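What follows is a set of notes on a single structure, which appears directly below.
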Protein chains: 2
Amino acid sequence: MIADEDKVFKALADVSRRKLLDRLHKKNGLTLNQLCEKHDMSRQAVTKHLILLEAAKLVVTQRRGREKLHYINPVPINEIYMRWIGKFEQERVHALHNLKLALKENDHE
Amino acid sequence: MIADEDKVFKALADVSRRKLLDRLHKKNGLTLNQLCEKHDMSRQAVTKHLILLEAAKLVVTQRRGREKLHYINPVPINEIYMRWIGKFEQERVHALHNLKLALKENDHE
DNA sequence: TTGACATGCAACCAAATAGTTGCATAATAG
DNA sequence: CTATTATGCAACTATTTGGTTGCATGTCAA
């Protein structure tokens, strides 16, 4: 069973949090202050979002002196896909993937 | 771009709505009343959830006389996976690698 | 036609959410 | 040491969310 499926879904439900994940995806290991730049809200608001992302284990953190580094953790998203989304979509996604491969192969000819 | 990415994520954020999708996945084309059975809430609460699922295009409906039939639609979930979740998964190994490096660095202190 | 059944609509309520501000604490640079 | 920087904590607020109840509408069966 997924430990905190609900936490993951709820964490992903907010566009600000998805944007934070996007930023960590582009550049991993950002500090809180770095994550606050380019976001139109207070540092404390960002902190709260990061707390939820951490609780959902979508982000893991590490202290370096007075800084807190944030790293994206893809495992929960993978689990969501494997155990929940997959049950609806697995066959379809695989079919599309195979189709894409086939078309790519065709390109090479 | 995904038309209503936010609506889909928000629709999936509630456990009652995920359970409704589960039930439609097991047996498609259920009426509102059938969906209300086995759920510990009023018919109107279920209706509201179904409205959100419909708005996110996760469920499509069809009238048959005085009944309303509900069908699961896997397309939005597929899009979420392909365009959003996939981009994290592609980098999964890379991200884990960075995390491992960071933790290792911390060890050296 | 009339009563029962299936769904729709609107007003209301409590709790959760997303945000704010102000102050506290801890680490680093000079 | 002291000032600055980076983060943490707490109280407060407005809005959204998930639920309720009551009544209305539309369809079907007897």
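Chain letters run A, B, ... following the sequence lines, proteins first and then strands; every chain starts at 1. What you see is a predicted model, and the numbers here were worked out from it, not measured in a lab.
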Looking at B:L12, is its backbone amide N or carbonyl O close enough to the side chain of B:R18 to form a donor-acceptor pair, meaning the two atoms are under 3.5 Å apart?
yes
Residue mapping more 5' on DNA chain D - nearest nucleotide basis, A:K10 or A:K68
A:K68
Rounded to the Å, how far apart are [X] [atom1] and [N] [atom2]?
{"X": "A:K7", "N": "C:dA16", "atom1": "NZ", "atom2": "P", "answer": "14 Å"}
{"X": "A:E37", "N": "D:dT7", "atom1": "CD", "atom2": "C1'", "answer": "15 Å"}
{"X": "A:D6", "N": "D:dT17", "atom1": "CG", "atom2": "C1'", "answer": "14 Å"}
{"X": "A:L52", "N": "C:dG19", "atom1": "CG", "atom2": "P", "answer": "10 Å"}
{"X": "A:E67", "N": "D:dG8", "atom1": "CD", "atom2": "P", "answer": "12 Å"}
{"X": "B:H70", "N": "C:dA6", "atom1": "NE2", "atom2": "C1'", "answer": "11 Å"}
{"X": "A:Q34", "N": "D:dT5", "atom1": "CD", "atom2": "P", "answer": "15 Å"}
{"X": "B:Q62", "N": "C:dA6", "atom1": "CD", "atom2": "C1'", "answer": "16 Å"}

Give me the one residue out of B:I72, B:L30, B:V46, B:L52 that meets side chain to side chain contact (heavy atoms under 4.5 Å, CB included) with B:L20.
B:V46
Identify the pairs formed between an N or O of the protein and an N or O of nucleotides 1-3 of chain C at a distance under 3.5 Å, and give each distance.
none

Please pick, from [options], the nucleotide with the shortest atom-to-atom distance to any side-chain atom of [X].
{"X": "B:R43", "options": "D:dG18, C:dA18, D:dC23", "result": "D:dC23"}
{"X": "A:S42", "options": "C:dT20, C:dT7, C:dA18", "result": "C:dT20"}
{"X": "A:K48", "options": "D:dG8, C:dT20, C:dT7", "result": "C:dT20"}

Residues B:A13 and A:A13: closest non-hydrogen pair is CB-CB, 3.5 Å
B:N28 and B:Y71: which non-hydrogen atoms are nearest, and at how many Å?
OD1-CA, 3.1 Å
Going by an N to O cut-off under 4.0 Å, is there a salt bridge joining B:E54 and B:K68?
yes
Give a yes/no on whether any side-chain N or O of B:N33 is located under 4.0 angstrom from OP1 or OP2 of C:dT7.
yes
Between A:S16 and C:dG19, does any side-chain N or O lie under 4.0 Å from OP1 or OP2?
yes
Looking at B:Q44 and D:dG22, is any side-chain donor or acceptor paired with a base atom of the opposite kind under 3.5 Å?
yes
Let me check something: do A:L32 and A:L58 share a hydrophobic cluster, defined by ILVMFWY side-chain heavy atoms less than 4.5 Å apart, either directly or through other members?
yes
Does B:R63 reach a base, just sugar-phosphate, or nothing at all? Heavy atoms under 4.0 Å.
sugar-phosphate
Note: with side-chain heavy atoms under 4.5 Å as the link, the other cluster members for B:V15 come out as none
